[in-house]
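Written out below as structure tokens is the structure these notes cover.
One-based numbering, in listed order, for ligands and for the atoms of each.
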Amino acid sequence: MNPAALTLHDAGEKLRKHELSSQELTLAAFQRIGDTDDKIHAFITLCRDAAIEQAKQADERLKRGGNIPPLLGIPIALKDIFVTEGVLTTCGSKILGNFVSPYDGTAVKKLKERGAVIVGKANMDEFAMGSSTENSALAVTRNPWNLERVPGGSSGGSAAAVAADQCIAALGTDTGGSIRQPAACCGVVGLKPTYGCVSRYGVIAFASSMDQVGPLTKDVRDCALMLEAIAGHDPADSTSADRPVPRYSDALTGDVKGLRLGVPKEYFITGIAPEVEQAVHDAIRLLEKNGAVVEEISLPHTEYAVAVYYIVATAEASSNLARYDGMRFGHRAGGKDLLETYMLSREEGFGAEVKRRIMLGTYALSAGYYDAYYLKAQRVRALIKQDFDAAFQRCDAILTPTAPTTAFKIGEKTQDPLQMYLSDIYTISVNLAGLPALSLPCGFDGDGMPIGLQIIGKQFDEATILRLAYAYEQATEWHRRKPRIEV
Ligand code: GLN
């Protein structure tokens, strides 16, 4: 078996028992990348030399023994939104096409401190805007389960890399579904933690009131281990919560007895693929059989979530992206004066979706429209949050599909942004409310494409989500299936 196909916890065990070295594991990951990435295009940048050096150091630490952190020597991919010292960091955009970061963001620093091996930077939708990774200015990533399909987005490169065994685990970011939806499309586990759980310092900003960092992994235990490594307070991010990091892996008991699960009726509506609906219902029934108590609930403001999100997210993006002006970093066009240089740099540097959002967001924030759009959206956002507060009075977690369909065909939705926006109909409310949610595989459709189950939890109750996800995973075999990629 290719060692890069191992889970993080299995690989870690082999490393600690000296049955495998980090250098062997790292070389196996690069071998797999070499064999498959000309088809999948999960990576924008590879860090081969640095990774082999990190693996050597990990092997020395393993030889010394003592207290070995779970991530020591483990090959991990980073979405190209994480600034990474000395490494090209593009955010999927031409405007950062030559940007080499002078420092590591906090999540990356934490991975490195724990001895992880950084294999490279994964492809993504430009500035994390999209649901298919087709908005990347640098490459089109293909779904390892079917090369004609999208991997989901915006963390599509990270999800595809994990699914294709090009790395053991990856980091992504999720502003409206960008970890969970690609995880569902590629048949891996993806967790968006509570807003404030993981530091966003050194993560290129899209919509700052919703952006959150999280892991994409091969199973639920790996997800818990990754979260333990990256969570925690960071003085460099004023929105990061000052609370102790639980040992999430302790929550993996396999027991769901007595847990109260809410199933929101608004999530099973027209537009959902019948096979997705069936698989999610089967998953809920299985958890019920194992002792969970299932109840139908209502989240009445769900229908406004997509509209609210596309006001709030674009407004915040228009402000965050003002810094890309061709002066401080990134692409600079040759204009005849300062104004023309600003305008041309942005004209040449940003892709169509990013420009569309900057215009939408600027409009929503402009005098005269601010109250009608932005303020109103923020008010409805509060109602969406209250729906969840009320539901969590009665239940411990909420179960839904992650996305209404499985991965769609490349090119299918690029001409119709609204259709693309609807891919996130089930994931967006969670970001508006700042809640944690996880996607894990719960079946396959008739075309052999993976289906995702979403588990939404109370604020900072990642432990319950992981507990449920683990119990479901233990009772099923979906997570063991691997895509067959012709090499
Ligand atoms: N697909 C959504 C969007 O395009 C969510 C993106 C994200 O979570 N970064 O904005």
Does any N or O atom in [X] lie less than 3.5 angstrom from one in ligand 1, N or O only?
{"X": "Thr175", "answer": "yes"}
{"X": "Gly177", "answer": "yes"}
{"X": "Thr173", "answer": "no"}
{"X": "Phe206", "answer": "no"}

Residue [X] vicinity, atoms of ligand 1 by number, heavy atom under 4.0 Å:
{"X": "Gly176", "value": "5 (C), 7 (C), 8 (O)"}
{"X": "Ala128", "value": "6 (C), 7 (C), 9 (N)"}
{"X": "Met129", "value": "4 (O)"}
{"X": "Gly130", "value": "1 (N), 2 (C), 3 (C), 4 (O), 6 (C)"}

Of the protein's non-hydrogen atoms, which lies at the shortest distance from [atom], and what is that distance?
{"atom": "atom 3 (C) of ligand 1", "value": "Tyr310 OH, 3.3 Å"}
{"atom": "atom 5 (C) of ligand 1", "value": "Tyr309 OH, 3.3 Å"}
{"atom": "atom 6 (C) of ligand 1", "value": "Ser178 OG, 2.8 Å"}
{"atom": "atom 1 (N) of ligand 1", "value": "Asp424 OD2, 2.6 Å"}

Within 45° of the axis and under 6.0 Å from the centre of the six-membered ring of [Y], does NZ or CZ of [X] qualify?
{"X": "Arg346", "Y": "Tyr324", "result": "no"}
{"X": "Arg243", "Y": "Phe460", "result": "yes"}
{"X": "Lys413", "Y": "Phe408", "result": "yes"}

With a cut-off of 6.0 Å (strictly less than), are more than 12 heavy atoms of other residues, nucleotides or ligands near [atom1] of [X]?
{"X": "Tyr103", "atom1": "OH", "value": "yes"}
{"X": "Lys112", "atom1": "NZ", "value": "yes"}
{"X": "Tyr373", "atom1": "OH", "value": "no"}

Distance-minimising heavy-atom pair for Val245 and Gly232: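 Shortest heavy-atom separation between Val245 and Gly232 comes out as CG2-CA, 3.5 Å.
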
Considering all heavy atoms, the nearest Glu85-Asp104 contact: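 Heavy-atom minimum between the residues: N-OD1, 2.7 Å.
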
Sub-4.0 Å heavy-atom contact, Ser154 with ligand 1: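 For ligand 1, residue contact (heavy atoms, under 4.0 Å) with Ser154 is present.
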
Ligand 1 contacted by Arg357 (non-hydrogen, < 4.0 Å):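 So Arg357 counts as touching ligand 1.
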
Separation between CG of Asp125 and OG of Ser178, rounded to the nearest 0.5 Å: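 Rounded to the nearest 0.5 Å, the CG-OG separation comes to 7.0 Å.
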
Residue part near ligand 1, for Tyr421, under 4.0 Å between non-hydrogen atoms: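 No part of Tyr421 comes within reach of ligand 1.
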
salt_bridge(Asp37, Arg32) N-O dist < 4.0 Å: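 Here Asp37 does not pair with Arg32 in a salt bridge, since their nearest N and O are not under 4.0 Å apart.
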
